[in-house]
Amino acid sequence: MELLDRWVGLAGPDAGRVGVDLTARYAEPHRRYHTREHLTDVLDVVDELADHADDPDAVRLAAWFHDAVYDPQRGDNEERSAWLAERMLTDTDLGPETIAEVARLVRLTATHAPAESDRNGQVLCDADLAILAADPERYAAYAAAVREEYDFVPDEPFNRGRADVLRQLLELPRLFSTPTARDRFEATARHNVETELLLLGG
């Protein structure tokens, strides 16, 4: 299903203009990884993990907004994306509780650290991190695309920063929270992250 069709199926035809805006954002020319393909992948994994969520549609809406604002030279993209969700969804038929939950979930992707009781957050964070468990060729393409998004950073500081991020991931007791994602992704993701860290000299 085309992305815009998926949005309309989720949010309704009256919210179609919001979907047009969002799909355009994910096609911005400076994006290399945080693109429509990434959005599609996240939505697909959310669908696979939907039985774990308390409100799967709120998670799907959050997936649409989680990288809606993306500027690699800023550190507040998640907050700005959450604010955008609050602003744009106010003009739809969604209730204030759902809008607040969507914004909360978007903000959670800044840390990918959902609480044990946060089933919605677990699904969104697992879907966003699922790329870490890709096959070696696709993982390499993902890492290269991230590097392209930070092409304004020289190699040495980029490698240091990227290695720090990878080490922080490896120090987590687990990368994935839902039982399905842990079974499918955890071991492969850790292997991929360890391999990238070695390639960075870390």
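Here the closest heavy-atom approach between residue Ser117 and residue Gln122 is recorded as N-NE2, 4.5 Å. Counting all heavy atoms, side chain and backbone alike, Phe176 lies closest to Ala189 at CE1-CB, 3.7 Å. Of all heavy-atom pairs spanning Ala143 and Glu196, the tightest one is CB-OE2, 3.8 Å. Taking each heavy atom of Val153 and Arg147 in turn, the nearest pair found is O-NH2, 2.7 Å. Considering all non-hydrogen atoms of both residues, Ala133 and Thr188 come closest at O-CG2, 3.5 Å. The two atoms that bring Tyr26 and His34 nearest to each other are CD2-O, 3.9 Å, heavy atoms only.
Side-chain contact check for Val69 versus Asn77: some heavy-atom pair is nearer than 4.5 Å. Contact check for Tyr70 versus Ser81: no side-chain heavy atoms found under the 4.5 Å cut-off. At a threshold of 4.5 Å between non-hydrogen side-chain atoms, the residues Arg31 and His38 do not count as touching. When side chains are defined from C-beta on, Asp118 does not count as touching Asp54, because their heavy atoms never get closer than 4.5 Å. No side-chain heavy atom of Val46 sits less than 4.5 Å from a side-chain heavy atom of Pro56. Side-chain contact between Leu43 and Leu3: present, with at least one pair of heavy atoms (C-beta onward) separated by less than 4.5 Å. By the 4.5 Å heavy-atom criterion applied to side chains, Thr195 and Leu198 are not counted as neighbours. Contact of the Glu48 side chain with the Arg184 side chain is registered, since non-hydrogen atoms from C-beta on lie closer than 4.5 Å.
At least one donor-acceptor pair closer than 3.5 Å links the side chain of Thr109 to the backbone N or O of Val106. No donor-acceptor pair under 3.5 Å is formed between the side chain of Glu78 and the backbone N or O of His66.
Taken together through direct or relayed side-chain contacts under 4.5 Å among Ile, Leu, Val, Met, Phe, Trp and Tyr, Leu4 and Val42 form parts of separate hydrophobic clusters. Val20 and Trp64 are assigned to two separate hydrophobic clusters, defined by single-linkage of ILVMFWY side chains at heavy-atom distances under 4.5 Å.
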Worked verdict on Trp83 versus Asp76 for side-chain contact (heavy atoms from CB on, under 4.5 Å): CA-CA 11 Å; Trp83 178 84; Asp76 60 348; over 6 Å; no
Leu22 and Trp7: CA distance, side-chain angles, deciding distance, side-chain contact (heavy atoms from CB on, under 4.5 Å) verdict: CA-CA 9 Å; Leu22 289 172; Trp7 170 262; 3.9 Å; yes
Leu94 vs Leu61, side-chain contact (heavy atoms from CB on, under 4.5 Å): CA-CA, chis, key distance, verdict: CA-CA 11 Å; Leu94 294 171; Leu61 288 165; 3.7 Å; yes
Intermediate values then yes/no, salt bridge (Lys or Arg N to Asp or Glu O under 4.0 Å), Arg25 and Asp21: CA-CA 6 Å; Arg25 289 174 177 272; Asp21 182 287; 2.6 Å; yes
Full working for side-chain contact (heavy atoms from CB on, under 4.5 Å) between Val45 and Phe185: CA-CA 11 Å; Val45 179; Phe185 301 142; 4.3 Å; yes
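Listed by chain and number, the residues in a salt bridge (Lys or Arg N to Asp or Glu O under 4.0 Å) with Asp47 are Arg6, Arg60 (sequence neighbours excluded). Residues satisfying the ring-ring contact (aromatic ring centres under 6.0 Å, His included) test with Tyr142, not counting sequence neighbours, are Tyr33, Tyr139.
Atom CZ of residue Phe65 and atom CG of residue Leu105 lie 12.5 Å apart, to the nearest 0.5 angstrom. Distance check: Leu169 CG to Asn192 CG gives 12.0 Å after rounding to the nearest 0.5 Å. Rounded to the nearest 0.5 Å, atoms CG (Leu39) and CG (Asp67) are 8.5 Å apart. Note: Ser177 OG to Arg119 CZ = 11.5 Å, rounded to the nearest 0.5 Å. One distance of note links CZ of Arg87 with CD1 of Ile99; it measures 12.5 Å at 0.5 Å rounding. The CE atom of Met88 sits 7.0 Å away from the CZ atom of Arg17 when rounded to the nearest 0.5 Å.
In summary, the side chains of Asp126 and Thr178 do present a donor paired with an acceptor at a separation below 3.5 Å, with no hydrogens or angles considered. A donor-acceptor pair shorter than 3.5 Å cannot be found between the side chains of His30 and Glu149.
Ion pairing of Glu79 with Arg107 is present here, as a side-chain N (NZ or NE/NH1/NH2) and a carboxylate O approach within less than 4.0 Å. Using a 4.0 Å cut-off between charged side-chain N and carboxylate O, Glu194 and Arg190 make no salt bridge.
More than 12 heavy atoms of other shown residues, nucleotides or ligands fall within 6.0 angstrom of atom CG in Asp135.
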